Amino acid sequence: MKILVATEKPFAKAAVDGIREIAAAAGHELALLEKYTDKAQFIEAVADADALIVRSDKVTAEVIAAAPKLKIVVRAGAGYDNLDLAACTARGIVAMNTPGQNSNAVAELAIAMMIFMSRNRFTPGTGSEIQGKTLGIQAYGNVGKLVAAKAKALGMKVMAFDPYVPAEKMQEEGVSPAQSLEQMYESCDFISLHIPATPQTVGSIGYDLISRMPKGGCLVNTARKEVINEAELAKVLEERTDLKYVTDVAAATQAELDEKFGKRVFATPKKMGAETAEANVNAGLAAARQIVAYFAEGCTKFQLNK
Ligand code: 3PG
């Protein structure tokens, strides 16, 4: 079988080498399309692929239609808002992600962002410490849990809101379950977002929630830019000159935010939450193993479109 790795943002070499070894050991062929600049290149490359590994690359209905032999797509990472699951299902293509494999890298970035913003983005002037501050984690999944553990080790008080996780589970891990999202925003110096982009969450973080944050509050977004209502974010930042926003996923209106709010906002130039060699190796190799297991045994663990 031919496995195509199509990554506009390439994996570290160690990850590509590992994927190649796993594919070869199972008798599969590997093709690599990295740093492509036009979706036409992607569309051309999938023409003879039986399996596909991507990162945030958009696997649209058009891509699926251009891949007549495709049987499995694995998003090497957690968020799968870049996969057209309906198009995959319509063609009987199995779609998977690799949950948890790059979580630590994202969690470390969320912590780094809190410190960066607390220290005036490493520019001169008196900053503040995160020790003793309260952190609210929105979605206590693979990343949220790791952020909580690291924040606790740094002396923060940690709260979390997640309708899918029992309060007792959070309490066992030393995290206070928030009564509601509103209560969490009202109680926390930092809010760290770990929700996926879904029809329910897109645009859900806006004026009502952000304006509840206490004086000096900082919203940290290592999730997806789409979950923010950017117009409402700008309105709050305008009214509340004490609040800050830091994001790993530059807002569509980032240039405007930067111009209006200066040092109170910061966006990474390119999404870098999972940009560590470790995360690339973990997620890339997991993706390759999942493909091999699917072809060898029909294993559909981690299938998203069951
Ligand atoms: C994820 O959903 O796994 C992260 O956002 C990482 O995305 P990336 O592979 O594009 O860096």
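Since this is a predicted model, take the numbers as computed values, not measurements. We count ligands from 1, going down the list as the structure has it; atoms in each ligand are counted the same way.
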Original post:
Should one rank Ala223, Gly284, Ser56 by closest heavy-atom distance to atom 10 (O) of ligand 1, which comes out on top?
Top reply: Ser56
Original post:
Do Glu275 and Arg55 pass the salt bridge (Lys or Arg N to Asp or Glu O under 4.0 Å) test, and can you show the C-alpha distance, the side-chain angles, and the key distance before you say yes or no?
Top reply: CA-CA 11 Å; Glu275 282 294 73; Arg55 294 185 63 177; 2.7 Å; yes
Original post:
Is ligand 1 under 4.0 Å from a heavy atom in the side chain of Val106, in the backbone, in both, or in neither?
Top reply: neither
**OP:** Select one of side chain, backbone, both or neither to describe which atoms of Lys9 lie under 4.0 Å from any atom of ligand 1, heavy atoms only.
**Re:** side chain
**OP:** Show which atoms of ligand 1 fall inside a sub-4.0 Å distance from at least one heavy-atom site of Asn102.
**Re:** 1 (C), 3 (O), 6 (C)
Subject >> ligand 1 atoms in contact with Arg224 (distance to a heavy atom under 4.0 Å) >> reply: 1 (C), 2 (O), 5 (O)
Original post:
Between Glu239 and Lys235, is there a side-chain N and carboxylate O pair less than 4.0 Å apart?
Top reply: yes
**OP:** Ignoring hydrogens and angles, tell me if any N or O in the side chain of Arg240 forms a donor-acceptor pair with the backbone of Ser211 under 3.5 Å.
**Re:** yes
Subject >> N/O donor-acceptor pair under 3.5 Å between Asn82 side chain and Asp57 backbone >> reply: yes
Subject >> Nearest-contact summary for atom 1 (C) of ligand 1 - protein heavy atom, Å >> reply: Arg75 NH2, 3.3 Å
Original post:
Starting from atom 3 (O) of ligand 1, which protein heavy atom do you reach first, and at what distance in Å?
Top reply: Ala78 N, 2.6 Å
Original post:
Are a donor atom and an acceptor atom from the side chains of Arg264 and Thr241 found within less than 3.5 Å of each other?
Top reply: no
For ligand 1, which is the ligand I care about here, please tell me if [X] has any N or O atom under 3.5 Å from one of the ligand's N or O atoms.
X: Glu275; result: no
X: Gly77; result: no
X: Ala274; result: no

**OP:** May I ask you to test the Leu243-Ile210 pair for a side-chain heavy-atom distance under 4.5 Å?
**Re:** yes
Original post:
Roughly how far, to the nearest 0.5 Å, is CZ of Phe161 from SG of Cys188?
Top reply: 12.5 Å
